[in-house]
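Atoms considered below: every heavy atom in the structure, side chains included; atoms not considered: hydrogens, waters and symmetry mates.
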Amino acid sequence: MRIRSRRVPRKGRIEIIPMIDVMFFLLATFMLASLTMQNLHSLRVDLPAGKADPMEARAPVTLTVTRDGEIYLNQVSLTLDDLEPALRGLLQAEQDVIVAADSAAPEGVVVRAMLRARDAGAQHFLIAVRRD
């Protein structure tokens, strides 16, 4: 003899509210992760404090001088003699050169690097500062 169950089999349902919650969480996670992936194309130096207007977003040419007097052009280490030919290949018409010099960097090295950059064709220099 076969005994029937009193329970009625229920069909499965897909609940939409938890799925919306999961999708919102994933969206927020990917948005926050993408914000942390911004690359500034510069080396970390201790910048002097100052006030400056925000720059336009385009591929900048960054001339970095560390506190040890080392010179970097877009994170590539160079000597003072190699700076002019390397910068000449990177500069476009009317392009600004961002000078990110450490506040403890020797001033003579910074000035000589800027003079070599001017010889390479740089006309406008922007001095990077740390916001207060």
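Contact of the D46 side chain with the R130 side chain is registered, since non-hydrogen atoms from C-beta on lie closer than 4.5 Å. Between Q75 and T64, every side-chain heavy-atom pair lies at or beyond the 4.5 Å cut-off. Put simply, the side chain of L63 reaches to within 4.5 Å of the side chain of L83, judged on heavy atoms.
Between the side chain of D102 and the backbone N or O of A104 there is at least one donor-acceptor pair closer than 3.5 Å. In this structure a side-chain-to-backbone donor-acceptor pair under 3.5 Å is missing from R118 to M114.
Expressed to the nearest 0.5 Å, how far CD1 of I71 lies from CG of L80 amounts to 4.5 Å. Note that CD of Q123 and CG of L91 are 9.5 Å apart. Values are rounded to the nearest 0.5 Å. Here R88 contributes atom CZ and E84 contributes atom CD; the two are 4.5 Å apart, rounded to the nearest 0.5 Å. Atoms CG and CG, from D96 and L126 in turn, are 4.5 Å apart once rounded to the nearest 0.5 Å.
Taking a 6.0 Å sphere around CD1 of I17, one finds it holds 12 or fewer heavy atoms contributed by other residues, nucleotides or ligands.
Among pairs with a residue in residues 15-24, those fulfilling side chain to side chain donor-acceptor pair (under 3.5 Å) read R13-E15, at least two apart in sequence or across chains.
Nearest heavy atoms, F125 versus A117: CE2-CB, 3.7 Å. Across all non-hydrogen atoms, the minimal contact from T62 to A100 is CG2-CB, 4.4 Å. Nearest approach of A49 to V129, heavy atoms of both residues: C-CB, 4.4 Å.
The existence of a salt bridge linking R116 and D81 is confirmed by a sub-4.0 Å separation between a basic side-chain nitrogen and an acidic carboxylate oxygen.
Under a 4.5 Å side-chain heavy-atom cut-off, the cluster of Ile, Leu, Val, Met, Phe, Trp and Tyr residues that includes M31 is completed by L27.
Note: the hydrophobic cluster containing L87 also contains I127 (ILVMFWY, side chain heavy atoms under 4.5 Å, direct or indirect links). No single ILVMFWY cluster, assembled from side-chain heavy atoms under 4.5 Å apart, contains both L32 and F24.
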